[in-house]
Amino acid sequence: HNVLPALGGGTVFLLKAFDHPDVPPAPGYVRAKLSGLNLVQPIPGKPEQCEFTFTQLVDPGGAIPAWIMNMLVSREAVDFFARIRRAAQGSH
């Protein structure tokens, strides 16, 4: 991950998938490629809140069309933020 300061006091997280030496690509399997960016920015006048921008690009690299993968990623993002909200509110 690369973490960079953003204008306005926020933080940018650059994300990119990589091959891990302990889990090399295996014959007969397709490994998707993904990259993304998360941007966390303060909201002026609301110190208890922040704005979170989440983008991700997925290339499934196999038989699954990219439009289906991107639709699934979009749904997962909504679920991800719902889990964060529950955790922040103490209702795991």
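Note that the structure is a prediction, hence the values are computed from the model and not measured. These numbers come from the heavy atoms of this one structure, side chains and all, not from hydrogens, waters or symmetry mates.
Atom-to-atom distance recorded for Gln56:CD and Asn38:CG is 8.0 Å, nearest 0.5 angstrom. Atom CZ of Phe52 sits about 8.5 Å away from atom CG of Leu39, to the nearest 0.5 Å. Note: Thr55 OG1 to Leu15 CG = 8.0 Å, rounded to the nearest 0.5 Å. Expressed to the nearest 0.5 Å, how far CG of Asp79 lies from CD1 of Ile84 amounts to 11.5 Å.
Surrounding CD1 of Ile43 are more than 12 heavy atoms belonging to other residues, nucleotides or ligands, all under 6.0 Å away. By the neighbour-count criterion of 12 heavy atoms within 6.0 Å, atom CD1 of Ile64 is sparsely surrounded, having that number or fewer from other residues, nucleotides or ligands.
Follow the hydrophobic side-chain contacts under 4.5 Å out from Val40 and you reach Val3 in the same cluster. Placement of Leu34 and Val23 in two distinct hydrophobic clusters is found when ILVMFWY residues are connected by side-chain heavy-atom separations under 4.5 Å, directly or transitively. Cluster membership for Phe13 and Phe54, using ILVMFWY side-chain heavy atoms within less than 4.5 angstrom, is shared.
Heavy-atom minimum distance, Pro42 versus Gly8: CG-O, 3.4 Å. What you find for Asp19 and Pro25 is that their closest heavy atoms are OD2-CG, 4.1 Å. Counting all heavy atoms, side chain and backbone alike, Thr11 lies closest to Ala6 at N-CB, 3.9 Å.
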